[in-house]
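Report on the structure given below.
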Amino acid sequence: MPCPPAKSKHASFVAGERVSVMLPLPLGGAYDYRVPDGLTLAVGDFVTVPLASRHITGVVWGVGEGQVAEQKTKNVSARLDAPPLPDTSRHFVEWVARYTVCPPGAVLKMAMSVPAALNPPRPVTAFALAETTPEVRLTPARQRVIQVLSDGPPRPATELAREAGVGPSVARGLVGAGVLVARSLPQRAARAAPDWRCPGPALSTNQSTAASALKAMVVADEFAVTLLDGVPGSGKTEVYFEAVAETLKRGRQVLVMLPEIALGAQWMERFCARFGAAPAEWHSDLSQAQRRLTWRTVAEGRKRIVVGARSALFLPFPDLGLIVIDEEHDAAFKQEEGVVYSARDMAVVRARLGDIPLVLASATPSLETFENARAGRYAIQHLPDRHAGASLPDVALVDMRSDAPSSGRWLSQTLLDAIKGTLEAGEQAMLFLNRRGYAPLTLCRTCGHRLQCPRCTAWLVEHRKVERLQCHHCGYRARLPKLCPSCDAEGTLAACGPGVERLAEEVRERFPDARQAVAASDTLTGPRAAADLVRSIEEHHVDLLIGTQIVAKGHHFPMLTLVGVVDADLGLAGGDLRAAERTYQLLYQVAGRAGRAERPGRVLVQTYMPESTVMQTLVSGERQSFLDAEAKDRRNAGMPPFGRLAAVVVSGRDEDAVDEAARTLGRAAPRTNDIQVLGPAPAPLALLRGRHRRRLLLKAGRDVNVQAALRSWLAAARVPRSVRVRVDVDPYSFL
Ligand code: ADP
Ligand code: ZN
């Protein structure tokens with residue numbers, strides 16, 4: 001069925017009129033085109049237009065602006081048979097572009113990430129048995145095909161061949177013989193949709209208070225943000241599922257955003273258990289066919305619920321009624337490539353433009369979100385207790401200065417004893433070390449040479465399992481050399497420091513009978529592998545889990561009673577603005593994996609800085625005092641959320657050109673009472689993927705229009721084309 005033209009508030013444009021068309025390209029703005037005879041267009045329509053010698057698909061953005069002489073204006077080529085881009089999506093594209101100081105076309109590109117979905121799905125050809133069967137010779141293969149079709153609906157050729165276990169030519173032969181007929185199916189049978197009528201669990205008093213508040217937001221149907229602040233295992237997911245159910249009941253669409261797909265497997269199971277069917281998924285791990293189907297059905301308003309990573313925010317929901325951001329504090333919501341944006345912050349914008357509610361859920365909300373709650377901009381709901389009386393784990397510090405393991409070992413005696421006890425009790429333990437691979441550094445014992453990435457300011461990480469050295473920044477891979485590349489000595493290259501692989505080695509030595517598993521982003525390739533691992537832990541086929549941050553969040557393992565943090569200080573090094581906050585969040589989440597059911601949990605944190613605020617807060621559980629201290633520091637320093645930051649990163653292959661451009665930018669920098677520009681200085685990753693990098697940091701008061709300052713600054717400084725200037729508003733990564 002072709003889509004009807006847009007029913008929009010806007011007038012339609014008829015033949016001869018000029019419209020502006022936004023193209024998904026990093027251009028200055030929209031271009032004018034004329035509506036040709038026989039076509040009527042409306043704002044939001046997807047159209048193809050000529051650009052230079054190409055044809056490009058774009059979106060009708062509004063009335064033509066007349067920037068091109070009337071006679072030079074080219075015609076729109078065609079209107080695509082797709083639902084129009086909703087008004088809110090258009091406004092969102094413009095808003096994100098303004099905020100991130102990116103061309104709107106670059107943002108639109110994210111909203112048009114599946115060009116194939118702009119054409120209606122092709123009808124599927126399926127095969128059915130003919131009404132009357134002619135006399136033909138039936139080979140066993142043909143018989144199997146007939147058998148399959150005799151007790152089921154018509155099937156597409158590939159499906160039929162698979163089910164009957166025959167080659168693709170068999171069905172065609174049977175059509176030729178008149179035994180089968182081909183039919184055109186308009187669309188694949190839709191999968192079952194999640195059903196809000198499915199009953200949820202009986203909620204505790206606290207849970208139902210929070211759930212009622214969230215449902216009330218959905219009913220009020222206007223912009224509002226609520227922070228759902230609950231300890232791990234308090235039932236945040238169950239609570240926001242109530243708001244999801246309320247939205248589905250009203251026939252509206254819902255978007256739930258999760259930081260990582262690794263978290264997805266258990267979440268999906270929970271969702272299916274609650275709603276009887278799976279939601280649509282949106283992340284980088286989908287096939288093109290899945291993307292196409294999801295984008296299209298979301299645009300048509302037929303898919304009501306999507307769970308996805310940050311890019312799901314740009315799906316063309318025509319009737320979005322609720323957004324939920326789970327683990328709102330997670331840095332994975334920040335996109336660092338292309339258009340640099342925070343999906344958490346932009347979700348707030350999306351909710352405001354759509355005038356709909358937003359739920360932010362976390363056990364460790366970000367300081368930004370807390371400040372918004374404190375200032376009354378966000379409402380807050382607390383879930384202070386774990387579900388069903390499970391207690392929060394006991395956290396103790398292991399002072400590595402007095403309990404240090406021998407050289408080349410990483411586990412203290414205290415932690416070893418605790419693991420032993422846990423295993424003897426038939427329970428599970430987890431060791432957390434946020435480092436992939438075998439060793440983070442390889443060093444020559446003779447000359448001290450360190451193996452470095454040739455393209456980045458970074459050490460090569462040894463991955464012993466695959467016998468490779470890897471750069472974790474650019475993906476460079478090499479074999480471990482036999483001789484030191486600097487002094488030619490043989491057999492002197494030594495691994496320094498531990499990664500999860502090396503830790504696994506130590507654990508195997510100490511506990512040879514324990515069944516262990518390693519979980520890191522490079523050992524778990526894709527959601528299936530992650531789901532399998534989760535299941536084998538749930539079914540207790542694993543005694544000892546060794547993992548990076550991939551295991552930190554979301555999971556619920558009833559038999560896991562001991563968590564050991566191997567190197568708690570890892571995230572505190574380096575001058576990152578949020579180092580303490582992030583370390584606290586991460587370690588708190590990791591600790592939250594212990595003792596989630598009847599059996600109490602215990603957490604041992606190995607640190608060389610037991611007196612630091614982060615470590616002390618982990619033990620005391622007094623989150624508020626930690627946050628107050630953090631907030632005070634940042635307020636005094638004028639740092640976010642009490643001031644604004646924007647990074648400008650200049651990069652290129654020619655170091656001199658990069659330096660020159662950075663200095664030019666430095667000279668043109670705005671300097672007022674309220675704006676300070678630091679740098680240029682080499683970025684911590686001064687070389688990345690073969691590109692030299694210099695940074696400038698703009699620091700401004702809360703009320704400064706940073707975007708305006710950036711725009712006029714960048715316009716005032718001319719840099720050569722060989723140098724790239726990237727703007728990062730509200731930077732999270734200081735590399
Ligand atoms: P959080 O998201 O806060 O970490 P979850 O929603 O994952 O907490 O809940 C933790 C566990 O407790 C899950 O297995 C969940 O199904 C269970 N749970 C939470 N609330 C209830 C409830 N009211 N009734 C039954 N089970 C619940
Ligand atoms: Zn590299």
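Atoms within a ligand are numbered from 1 in the order they appear, just like the ligands themselves. Computation of the quantities below employed the complete heavy-atom set of this structure, encompassing side-chain atoms and omitting hydrogens, waters and symmetry-equivalent molecules.
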For ligand 1, which atoms sit closer than 4.0 Å to a heavy atom of [X]?
X: Gly235; value: 1 (P), 3 (O), 5 (P), 6 (O), 8 (O), 9 (O), 19 (C)
X: Leu203; value: 23 (N)
X: Thr237; value: 2 (O), 5 (P), 6 (O), 7 (O)

Relative to ligand 1, is [X] under 4.0 angstrom through side chain, backbone, both or neither, heavy atoms considered?
X: Ser234; result: both
X: Leu383; result: neither
X: Ala202; result: backbone

Contact with ligand 1 for Arg270, non-hydrogen, under 4.0 angstrom: yes

Heavy-atom gap Val231 to ligand 1 smaller than 4.0 Å: yes

Test of proximity, Pro232 against ligand 1: N or O pairs below 3.5 Å: no

Polar proximity ligand 1 side, Pro201 side, N/O cut 3.5 Å exclusive: no

Short N/O/S contact of His472 with the Zn ion (ligand 2) (below 2.8 Å): no

When you check the gap from the basic side-chain N to the acidic O, do [X] and [Y] get nearer than 4.0 Å?
X: Glu238; Y: Arg270; value: yes
X: Asp543; Y: Arg515; value: yes
X: Glu538; Y: Arg535; value: no

Angle, SG of Cys474 through the Zn ion (ligand 2) to SG of Cys453 - 10° precision: 110°

Check against side chain to side chain contact (heavy atoms under 4.5 Å, CB included), Leu469 and Tyr476: CA-CA 8 Å; Leu469 295 167; Tyr476 173 88; over 6 Å; no

Residue list, side-chain contact (heavy atoms from CB on, under 4.5 Å) with Ser521, at least two apart or on another chain: Arg436, Ile550

Separation of Gln428 CD from Leu562 CG (nearest 0.5 Å): 11.0 Å

Parallel, tilted or perpendicular: ring planes of Phe275 versus Phe271, cut at 30 and 60 degrees: tilted

Ring-face cation contact, Phe241 with Arg274, 6.0 Å cut, 45° max: no

Of the listed options Glu269, Lys236, Arg274, closest to atom 3 (O) of ligand 1 (non-hydrogen atoms): Lys236

Main-chain N/O of Ala686 paired to Thr457 side chain as donor or acceptor, under 3.5 Å: yes

